[in-house]
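First the structure, in the form of structure tokens, and then the observations on it.
Predicted model, so just to flag it, every value in this text is computed and none were measured. Letters go in sequence order (proteins before strands), and every chain restarts at 1.
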Protein chains: 2
Amino acid sequence: MISIKEVAKAAGVSTSTVSRVINNSPSISQSTKDKVWAVIKKLNYSPNNIAKALITNKSYTIALLIDVDDDKSFQNPFFYEVIHGIEKSCQEKEFSLMVANVNTKMKKQDIISWLVKSKRAEGIVLPVSILTRELVKELKDMGIPFVAVGEVDSIQDNVSWVDIDNKKGTEKAVYYLYEQGLKDIAFIGYDSTKDFSKRRVEGFKSAIEKIGISNNDSWIISCNNSKEQGYKEMMKLIDSGKMPQAVICGNDSLSVGVIKAIQDKDLKIPEDISVISFDSRQIASLMYPEVTTVDVDVFEMGYQSAKMLFDLIENNNLTDQGLLISTKIIKRNTTK
Amino acid sequence: MISIKEVAKAAGVSTSTVSRVINNSPSISQSTKDKVWAVIKKLNYSPNNIAKALITNKSYTIALLIDVDDDKSFQNPFFYEVIHGIEKSCQEKEFSLMVANVNTKMKKQDIISWLVKSKRAEGIVLPVSILTRELVKELKDMGIPFVAVGEVDSIQDNVSWVDIDNKKGTEKAVYYLYEQGLKDIAFIGYDSTKDFSKRRVEGFKSAIEKIGISNNDSWIISCNNSKEQGYKEMMKLIDSGKMPQAVICGNDSLSVGVIKAIQDKDLKIPEDISVISFDSRQIASLMYPEVTTVDVDVFEMGYQSAKMLFDLIENNNLTDQGLLISTKIIKRNTTK
DNA sequence: TTGTACGCGTTATCAC
DNA sequence: GTGATAACGCGTACAA
């Protein structure tokens with residue numbers, strides 16, 4: 001493979017000159033610039049970034065940590081849309097993106113330290129789910145910039161993160177329904193083990209309170225994200241006698257069961273009852289009827305997390321921060 | 001950051017000895033081995049892979065090319081499950097995985113050549129959709145191993161690829177239905193612009209022929225993968241008067257519309273009509289009723305493509321080949 | 001079995 | 001403006 005030396009030789013200059021031309025140093029005459037570029041193109045030369053990385057101690061590479069099981073059960077299918085966003089940001093910065101799964105026999109700590117020290121990643125994007133307090137400390141100690149995808153508990157000290165604005169998402173949904181005159185609203189799908197779910201419920205409560213419409217704790221219904229649970233809970237709700245005018249589903253799979261339950265009870269959507277669901281998998285537009293959603297821009301979350309990481313890398317005195325990606329209501333056919 | 005020199009100094013040996021210990025050269029006494037390893041652990045040393053790559057000219061990195069638009073419209077959402085498979089294979093080989101989007105202003109040729117020459121990827125996995133004949137030639141000329149995801153036209157000379165066995169997938173579906181005594185079978189969703197779709201139709205034809213059941217060309221129905229198209233075409237089919245006993249859907253979104261059409265005509269699934277759909281997005285289990293599918297193992301496709309790439313890298317006199325990942329029928333509730 | 005010395009391809013430093 | 005030369009951290013031929 002052709003190196004800077006051969007370019008220098010062919011152009012009749014020194015290697016330093018070629019290097020300066022490539023990095024377009026100001027102190028190079030236009031004529032030599034032209035001359036050298038001509039040779040570079042002619043020889044089809046590309047600088048060896050590995051050698052460059054060795055001397056500059058910059059790899060222009062960030063790592064994305066994922067945490068998926070070998071059994072292929074994707075707990076986070078949405079995470080792959082995040083990759084796309086990160087990749088876009090990397091491309092703009094001319095960085096490379098390395099993807100590494102931490103779900104191995106190795107300890108997370110070890111794999112990350114190995115990643116940084118041996119592979120020389122300049123920074124790391126990682127889901128908040130794998131960010132233990134020890135890990136935070138270790139990353140800080142190593143001085144390696146990182147950004148979490150998902151909101152980091154404020155008790156954690158100074159960690160940068162990007163998340164969907166789940167709280168405001170539910171608020172928007174409530175307001176949206178309220179503007180149509182709907183006041184009896186239920187939230188189905190509270191999962192206290194998931195932070196994003198907690199935020200969604202928070203938004204529900206705060207909107208209800210702000211608007212001042214009658215609240216009723218029994219209308220926040222806990223269940224996990226499966227269509228079976230959604231069906232069961234919606235059935236119970238209808239059978240309870242005090243049926244809401246609208247339902248907000250905390251997650252996408254869930255909404256499938258909720259809608260089915262309403263249909264099985266021969267109720268009409270949205271005439272008898274309106275439905276809004278959170279959705280990050282574009283499932284909503286596949287349903288009959290198509291579901292009005294709180295649209296979650298997972299791509300943007302990836303894009304912004306990488307961007308924030310680059311800020312940290314370039315300017316490490318930057319104060320740590322959290323960023324919330326705003327949601328928007330996409331009106332389809334389950335609301336009036 | 002701590003280097004081999006400091007380890008050598010602390011252990012009272014030369015750097016070459018440390019190097020030999022790390023790469024466990026046979027010509028090192030057990031005692032020095034122990035001594036050096038102790039220091040390595042104590043100092044928490046990790047070899048700098050960039051320096052190693054420079055001298056060995058091996059980066060232990062492969063690149064995955066993706067081809068997604070900036071507008072976030074994922075034509076290939078399934079592709080992200082492929083990444084998981086590739087990553088697993090990389091981890092087994094202790095390779096790094098770089099992800100790069102080729103959908104940029106740069107020419108594909110250029111970006112790939114840049115990737116190889118400057119980033120030193122040792123091999124490339126790329127979707128067949130971006131593999132033009134010139135690109136094949138260029139990659140071959142550069143001597144860079146590559147594996148295509150998706151079947152490569154046999155006219156193309158000696159390209160390694162991995163694909164889903166789409167043809168046999170449809171055959172399995174037909175046999176499955178036939179064993180239940182169903183002979184009037186329609187295939188909905190032939191898209192002549194997509195190779196996988198062509199294969200699926202091939203399988204349909206060949207199975208029909210082998211079994212010797214009555215075939216009827218009008219029962220291979222062209223349409224693209226949307227629920228609207230599926231609905232429309234299924235309606236037409238039912239209205240035509242000659243209704244099939246079973247329908248095979250060539251794609252997942254499509255099946256949603258097909259099933260809805262059957263339901264809207266007050267026909268029962270599977271009593272009046274059975275449905276089997278291809279599915280790569282786990283949509284099938286979200287439907288009511290849950291759809292029997294030809295399950296497409298996209299993870300395995302990724303895993304095998306990377307594995308094949310490693311074979312090529314290690315043993316480049318290997319003959320090029322194609323590998324088909326077999327499908328399996330997952331029985332759910334749209335068949336008896 | 002171990003150490004010395006050199007080179008990988010590039011950039012930084014210091015000349016001129 | 002440009003050129004020598006050292007240095008980045010490591011592997012390896014050769015010497016001992």
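Comparing C:dT11, D:dG3, D:dT2 by their nearest atom to the side chain of A:Val13 picks out D:dG3. Here C:dC8 is the nucleotide among D:dC10, C:dC8, C:dG9 with the atom lying nearest to any side-chain atom of A:Lys5.
Within residues 15-27 of chain B, the residues having any heavy atom under 4.0 Å from DNA chain C are, by residue number, B:Ser16, B:Thr17, B:Arg20, B:Ser27.
Going from atom NZ of A:Lys52 over to atom C1' of C:dG9 covers 12 Å, rounded to whole Å. One can place CG of B:Asn49 at 9 Å from P of D:dG11, the figure rounded to the nearest angstrom. Residue A:Tyr45 contributes atom OH, which lies 7 Å from atom C1' of C:dG9 at whole-angstrom precision. When rounded to the nearest whole Å, the span between CD1 of B:Ile55 and P of C:dG7 equals 11 Å.
A:Ser19 and A:Ser16 share no side-chain donor-acceptor pair at under 3.5 Å.
No option in B:Val125, B:Leu324, B:Leu309, B:Val147 other than B:Val147 meets the side chain to side chain contact (heavy atoms under 4.5 Å, CB included) test with B:Val162.
Checking the phosphate oxygens (OP1, OP2) of D:dG3, a side-chain nitrogen or oxygen of A:Ser14 falls inside 4.0 Å.
Residues B:Gln91 and A:Asn101 form a side-chain contact, since some pair of their non-hydrogen atoms from C-beta on lies under 4.5 Å apart.
Atom CG in B:Leu65 sits 8.5 Å away from atom CE in B:Met98 (nearest 0.5 Å).
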